[in-house]
There are 2 protein chains.
Amino acid sequence: MKGKIFIIEDEASIVQLVQHNLEKEGFVVSSSLNGNEGLKELKKFEPNLLLLDWMLPDLSGIDICKNIRRDSNFKSLPIIMLTAKGEEEDKIKGLESGVDDYVTKPFSFNELSARIKAVLRRSDPKVVANELIFEDLKLDRIEKRVFRSDKEIQLGPTEFRLLEFFLTNPKRVYSRDQILETVWPNNVNVESRTIDVHIRRLRQSINIEGKKELIRTVRASGYSLI
Amino acid sequence: MKGKIFIIEDEASIVQLVQHNLEKEGFVVSSSLNGNEGLKELKKFEPNLLLLDWMLPDLSGIDICKNIRRDSNFKSLPIIMLTAKGEEEDKIKGLESGVDDYVTKPFSFNELSARIKAVLRRSDPKVVANELIFEDLKLDRIEKRVFRSDKEIQLGPTEFRLLEFFLTNPKRVYSRDQILETVWPNNVNVESRTIDVHIRRLRQSINIEGKKELIRTVRASGYSLI
DNA sequence: TCTTAATGTTACAGAAATATTACAAATTAA
DNA sequence: TTAATTTGTAATATTTCTGTAACATTAAGA
């Protein structure tokens with residue numbers, strides 16, 4: 001079950017872009033171009049998260065923030081602030097007014113999306129997918145646990161990330177280079193053969209007696225989750 | 001759903017040729033003959049991929065590239081660089097400025113098209129066709145799987161490429177030389193009779209009981225997919 | 001029908017890719 | 001600090017794939 005997101009932001013183009021993409025991801029979205037009205041609508045809408053522009057024509061983002069925090073119904077509403085580059089970042093960072101995160105414009109939708117999910121995951125795990133599931137394999141991103149057929153499996157950090165990666169796109173074949181780029185921290189240089197070893201370790205961990213192999217080797221191409 | 005492609009290239013004849021052919025293939029294409037303007041238009045256009053000339057009158061391709069990579073909205077926009085022959089290939093190859101591929105002029109449209117699709121397939125699989133289908137034969141380029149009448153078939157790497165090749169132009173007859181050029185990695189020398197053997201292996205794999213032969217021998221000419 | 005060139009088929013050795021193992025260095029926990 | 005875990009790599013084993021040569025079969029024209 002995806003959650004509800006409210007946007008208060010005066011640049012219509014941004015609202016449009018974000019709203020459209022979030023809806024495509026399954027969120028229910030409502031928005032306002034204006035601070036005062038936005039506040040009212042927001043309280044009717046009861047979102048799981050608020051995207052809030054820092055600089056609005058009528059009310060400043062900060063004022064809205066404070067207003068919200070005073071209202072016992074919304075005291076713990078997660079807020080992500082949208083700020084223009086260089087816009088007193090320090091103030092916002094240090095801000096104890098209860099902003100959960102902030103994103104500086106211009107931002108890519110993917111970046112924003114990732115932040116939203118990260119915040120929701122912490123504050124309201126129900127509304128965001130924390131579990132990646134494929135067949136009888138389950139990975140919980142919050143609890144950092146992995147299960148095969150309801151039996152918990154112990155993985156090292158790298159094997160965990162590797163499995164997480166495969167689970168985001170089951171069946172798709174990834175080359176060793178693609179795996180390296182995504183699973184390993186940037187600018188780390190490891191031999192591409194190293195991946196074989198981690199694949200082996202992952203296989204060994206997730207293959208329990210009597211269940212089928214889940215990682216497929218595609219010669220000359222790479223690996224995939226079946 | 002095909003994607004959007006933007007072209008920045010000052011030779012009008014090239015732009016025309018490429019734009020026309022890409023549109024014929026179903027892409028939405030926009031272009032600019034000029035670096036500075038191109039940058040602006042590009043950001044409005046929001047393409048899935050950029051074709052970028054290496055040498056432009058005003059800005060160099062490299063500068064554009066850097067500009068794009070600094071903009072968080074376009075940080076991961078795939079870029080294919082167009083370069084004249086011998087034009088500091090090494091620099092471009094070694095380039096860490098985030099070019100995804102490059103094509104040297106003069107190039108055939110087919111070559112360019114193939115590169116574009118290969119890059120898109122990695123970065124943005126939604127916008128490019130991943131399944132090649134002919135009668136009851138299906139090849140999935142992302143999952144690297146082949147099915148005949150919904151029954152999965154196991155192929156070695158070369159047989160996979162060979163079938164992929166035939167599937168891009170069913171019914172067309174290819175000579176052994178054409179097959180060699182396209183299916184085998186460049187600068188590899190193999191006997192042309194070797195192809196017969198691979199055809200045999202491919203036939204053996206894709207011919208399932210009760211279904212008709214799919215590869216046709218055209219004496220003195222070559223082979224085709226029926 | 002005979003001849004011949006082209007294609008089909010088979011088997012096999014070497015090559016290439018992947019799997020496995022062991023170990024030392026690096027990291028983390030105790 | 002020591003102990004335990006995790007990581008990357010190199011060395012080795014195993015598997016799978018490739019190209020070729022040798023021989024078989026087929027098709028088409030003389």
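Every chain is numbered from 1, with letters handed out A, B, ... down the list of sequences.
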All N/O pairs under 3.5 Å across the protein-nucleotides 26-28 of chain D interface:
unit_1, atom_1, unit_2, atom_2, d
D:dT26, O2, B:R219, NH2, 3.2

Inset, instruction - Tell me yes or no: between the side chains of B:S224 and B:R216, is some donor less than 3.5 Å from an acceptor? - result: yes
Inset, instruction - Residues of residues 157-164 of chain B with any non-hydrogen atom less than 4.0 angstrom from an atom of DNA chain C: list those, numerically ordered, please. - result: none
Legend entry - Near-strand residues of residues 170-185 of chain B, defined as heavy-atom separation under 4.0 angstrom from DNA chain C: B:R176
Inset, instruction - Please check the phosphate of C:dA17 (OP1 and OP2 only) for any side-chain N or O of A:T217 closer than 4.0 Å. - result: no
Legend entry - Any A:Y223 side-chain nitrogen or oxygen under 4.0 Å from OP1 or OP2 of C:dA17: no
Legend entry - Any donor-acceptor N/O pair, A:R203 side chain to A:I215 backbone, under 3.5 Å: yes
Inset, instruction - Applying salt bridge (Lys or Arg N to Asp or Glu O under 4.0 Å), name anything that partners B:E23, two or more places apart in sequence or on another chain. - result: none
Inset, instruction - Test the A:K4-A:F27 pair against the cation-pi criterion, namely NZ or CZ under 6.0 angstrom from the six-membered ring centroid and within 45° of the ring axis. - result: no
Inset, instruction - Give a yes or no on whether a salt bridge exists between A:R69 and A:D100, defined as a side-chain N under 4.0 angstrom from a carboxylate O. - result: yes
Legend entry - Salt-bridge criterion met for A:D136 and A:R148 (N-O under 4.0 Å): yes
Inset, instruction - Would you please classify the geometry between the A:H198 ring and the A:W184 ring as parallel, tilted or perpendicular, with 30° and 60° separating the classes? - result: perpendicular
Atom pairs under 3.5 Å, N or O on each side, protein against nucleotides 20-22 of chain C: can you list them with distances?
unit_1, atom_1, unit_2, atom_2, d
C:dT21, OP2, A:R200, NH2, 2.2

Inset, instruction - State which residues pass side-chain hydrogen bond (donor to acceptor under 3.5 Å, both in side chains) with B:K24; sequence neighbours excluded, sorted by chain then number. - result: none
